[in-house]
Amino acid sequence: MSGGPISRRRALGLLGLGTAGAAGWATGLGAPPNGRLQPAAQGQELAEPRVLASRDGLLNVRLVAAPGVRLAGRDTTAWGFNGTSPGPTLRVRPGDLLRLRLVNHIDQPTNLHTHGLHVSPSGNSDNPFITIEPGDSYDYAIRIPARHPAGTFWYHPHHHGTVADQIFAGLVGALLVEGVGGEADVPVSGDRLLLVTDTTLDGAGRVASPTTMARMMGREGELVLVNGQHQPVITVAAGSVQRWRVINGCVSRVLPLRLEGHRLTQVALDGVFLPAPVDRDQVVLAPGNRADLLVRPTGSGQYALVSDPYDRGGLGMMDGGPSAGGPVTLVTLAAGPATTPPSVPATLPAPAVPQGPVTGQRRLTFAMGMARRGMGGMSFTIDGRTYDPNRDDQSVAFGTAEEWTVVNTSPMDHPFHLHAWPFHVLAGSAGVPPAGVLQDVVLVPARGWVRLRIPFSDFPGRTVFHCHILDHEDLGMMATVNVRD
Ligand code: C2O
Ligand code: CU
Ligand code: CU
């Protein structure tokens with residue numbers, strides 16, 4: 001990187017982008033010739049992807065990544081797994097083996113990552129360095145540890161350079177780990193998956209390509225979908241408790257969730273139960289984050305679950321992106337007549353946060369600067385470098401716990417994400433109190449920092465950490481960590 005951190009205004013000037021729209025969609029030259037795909041009638045009941053569940057300790061699945069799925073009730077050329085976007089929901093239990101054959105029927109290299117799972121990153125397990133060429137397939141074998149926490153996780157491609165494109169095109173799916181034995185789930189009358197994605201489709205149902213500017217900002221799609229549907233409805237009986245497992249599968253969009261007329265009772269973060277339920281007016285999910293929410297309708301009526309506007313910061317003073325508008329409706333809760341809502345348990349089966357000494361401290365810097373060569377580009381770096389899969393950026397001794405301070409010198413928020421080893425957030429410049437559980441994505445505010453405690457336990461191996469604004473990851477804001485035995 002040639003320069004230090006720069007201001008939004010200066011970046012804007014240097015890029016000569018005074019008036020460009022942040023959304024910046026191109027489907028050809030200039031305005032899209034076919035306009036935009038109009039979602040089919042809203043108000044359909046929320047559907048869920050097909051569930052593939054393990055039996056006798058094994059889940060054997062074949063996932064074919066290919067074009068041609070229905071989104072927003074329309075036929076599109078977007079991509080899915082086994083014909084749908086999201087792909088099938090994979091349900092496993094601690095101790096299971098997930099055998100997954102990924103068949104690549106898209107026109108570019110891909111691979112698969114099991115986001116949030118505490119599993120080995122080596123060999124044919126959750127290894128982000130694998131490349132599966134078009135027409136090829138690959139056999140993953142991912143052993144879920146016997147003591148893996150129950151919860152809500154997800155899978156998506158992780159081929160550096162095209163991660164954002166492939167997720168934006170529809171390649172996502174949920175991965176649920178069921179509780180076993182005494183680790184009972186909270187009693188609920190409905191357990192729903194809400195996998196939120198966003199995309200932009202032209203009138204012919206083709207996924208739009210973002211402009212360079214939109215990539216640098218982190219693209220936000222014009223259509224926000226839940227399980228591939230546009231603004232579906234969840235109809236619930238009076239007096240029921242619903243568990244909504246919300247996954248932010250958007251490439252860049254932060255989701256500040258709010259339910260009209262209700263407070264949200266959060267019971268899990270990034271898949272894992274909190275020590276106790278927390279009532280909030282708003283639950284903010286960075287890209288990659290998950291929240292499990294208990295929803296207890298307070299009376300008959302229609303209540304929208306919305307995503308409020310969120311300012312992620314940016315490169316310039318252009319706040320014309322979709323999230324700068326009004327709230328976006330994700331789903332509508334259609335509730336029956338009021339009864340006394342059932343109570344929520346006072347405590348939850350939260351896994352213990354690992355304790356013990358910290359053996360190392362590191363400081364990492366996420367930064368944006370002017371790209372070294374040419375005009376019109378920004379560099380997105382960690383410790384002044386862009387991603388190189390062949391370089392070990394951090395070497396850690398297996399079995400230790402470390403304290404990492406992640407500093408963001410840029411005028412934009414960056415969600416920090418580490419594969420394989422979830423971490424405990426100790427503190428941060430935003431003053432958000434620690435959640436008290438391990439998590440895997442945390443928003444590092446513009447010109448702010450977070451401090452993490454990371455237990456590098458259970459398996460050694462080499463993997464990556466990165467910004468989960470996946471355009472930034474593809475532009476190089478990713479680094480490797482080698483946990484050596
Ligand atoms: Cu959602 Cu590197 O991952
Ligand atoms: Cu991940
Ligand atoms: Cu970023």
Side-chain angles (χ1 to χ4, degrees), residues 1 3-11 216-218 248 252-257 266 269-270 272 274 278 280-291 308-317 319 321 323-324 353 358 360-369 378-385 393-394 401-418 421-455 465-473 477-479 481:
M1 189 179 66
I6 55 161
S7 70
R8 287 198 216 180
R9 178 182 289 269
R10 182 158 169 261
M216 291 189 297
M217 293 287 293
N248 185 353
S252 309
R253 183 185 289 265
V254 175
L255 300 173
L257 303 171
Q266 185 175 0
L269 167 67
D270 283 355
V272 178
L274 299 169
V278 185
R280 303 181 196 278
D281 292 323
Q282 194 183 57
V283 173
V284 179
L285 296 185
N289 274 141
R290 289 86 66 209
D308 279 321
Y310 183 90
D311 182 8
R312 296 191 274 117
L315 304 167
M317 297 157 295
D319 287 326
S323 67
V353 170
V358 163
Q361 283 170 327
R362 295 172 203 246
R363 184 186 162 99
L364 297 110
T365 304
F366 279 52
M368 284 159 40
M378 305 279 302
S379 65
F380 291 80
T381 59
I382 298 175
D383 295 330
R385 304 186 288 206
D393 292 300
Q394 305 295 333
E402 296 204 353
E403 204 173 277
W404 287 18
T405 301
V406 183
V407 178
N408 175 5
T409 59
S410 78
M412 208 187 230
D413 296 356
H414 299 289
F416 172 90
H417 172 56
L418 169 66
W421 298 279
F423 47 79
H424 184 199
V425 177
L426 302 173
S429 57
V432 180
V437 286
L438 293 171
Q439 65 188 82
D440 54 70
V441 177
V442 62
L443 209 49
V444 191
R447 303 188 202 292
W449 55 272
V450 294
R451 185 165 299 124
L452 317 172
R453 183 183 184 284
I454 313 173
F465 57 93
H466 57 90
C467 176
H468 217 287
I469 290 175
L470 294 165
D471 281 302
H472 294 172
E473 175 277 312
M477 198 174 250
M478 177 152 77
V481 56

Can you check whether Val441's main-chain N or O pairs, donor with acceptor, with Asn289's side chain at less than 3.5 Å?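 A pair under 3.5 Å: yes.
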Using modelled atom types and a 3.5 Å cut-off, is there a donor and acceptor pairing between side-chain atoms of Asn408 and backbone atoms of Trp449?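 Not confirmed, Asn408 side chain does not pair with Trp449 backbone.
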If every non-hydrogen atom of [X] is compared with every non-hydrogen atom of [Y], which pair is closest and at what distance?
| X | Y | answer |
| --- | --- | --- |
| Ala367 | Thr409 | CB-OG1, 3.3 Å |
| His424 | Leu438 | N-CD2, 3.7 Å |
| Pro455 | Pro422 | CD-O, 3.4 Å |
| Glu473 | Cys467 | CB-O, 3.4 Å |
| Val425 | Pro434 | O-CB, 3.3 Å |

Spatial distance of atom [atom1] ([X]) from atom [atom2] ([Y]) [nearest 0.5 Å]:
| X | Y | atom1 | atom2 | value |
| --- | --- | --- | --- | --- |
| His414 | Phe380 | NE2 | CZ | 6.5 Å |
| Glu403 | Leu452 | CD | CG | 9.0 Å |
| Gln282 | Tyr310 | CD | OH | 9.5 Å |
| Phe366 | Phe465 | CZ | CZ | 6.5 Å |
| Met368 | Met412 | CE | CE | 5.0 Å |

Mutual orientation of the aromatic rings belonging to His417 and His468 [parallel < 30°, tilted 30-60°, perpendicular > 60°]: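 Taking His468 first and then His417, their aromatic rings stand perpendicular (interplane angle over 60°).
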Is the ring pair Trp404/Phe416 parallel, tilted or perpendicular, if the boundaries are 30 and 60 degrees?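 Aromatic pair Trp404/Phe416 classed perpendicular.
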Taking side chain as C-beta onward, heavy atoms only, is [X] less than 4.5 Å from [Y]?
| X | Y | result |
| --- | --- | --- |
| Pro256 | Val284 | yes |
| Asp393 | Ile382 | no |
| Pro287 | Val254 | yes |
| Glu402 | Val481 | no |

For [X], run the side-chain contact (heavy atoms from CB on, under 4.5 Å) check against [options] and tell me which one passes.
| X | options | answer |
| --- | --- | --- |
| Ile469 | Arg312, Arg253, Met217 | Arg312 |
| Phe423 | Gln439, Arg453, Arg451 | Gln439 |
| Arg290 | Asn248, Asp440, Leu269, Val272 | Asp440 |

Can you list the steps and then say if Asp383 with Gln394 is a side chain to side chain contact (heavy atoms under 4.5 Å, CB included)? CA-CA 11 Å; Asp383 295 330; Gln394 305 295 333; 3.7 Å; yes
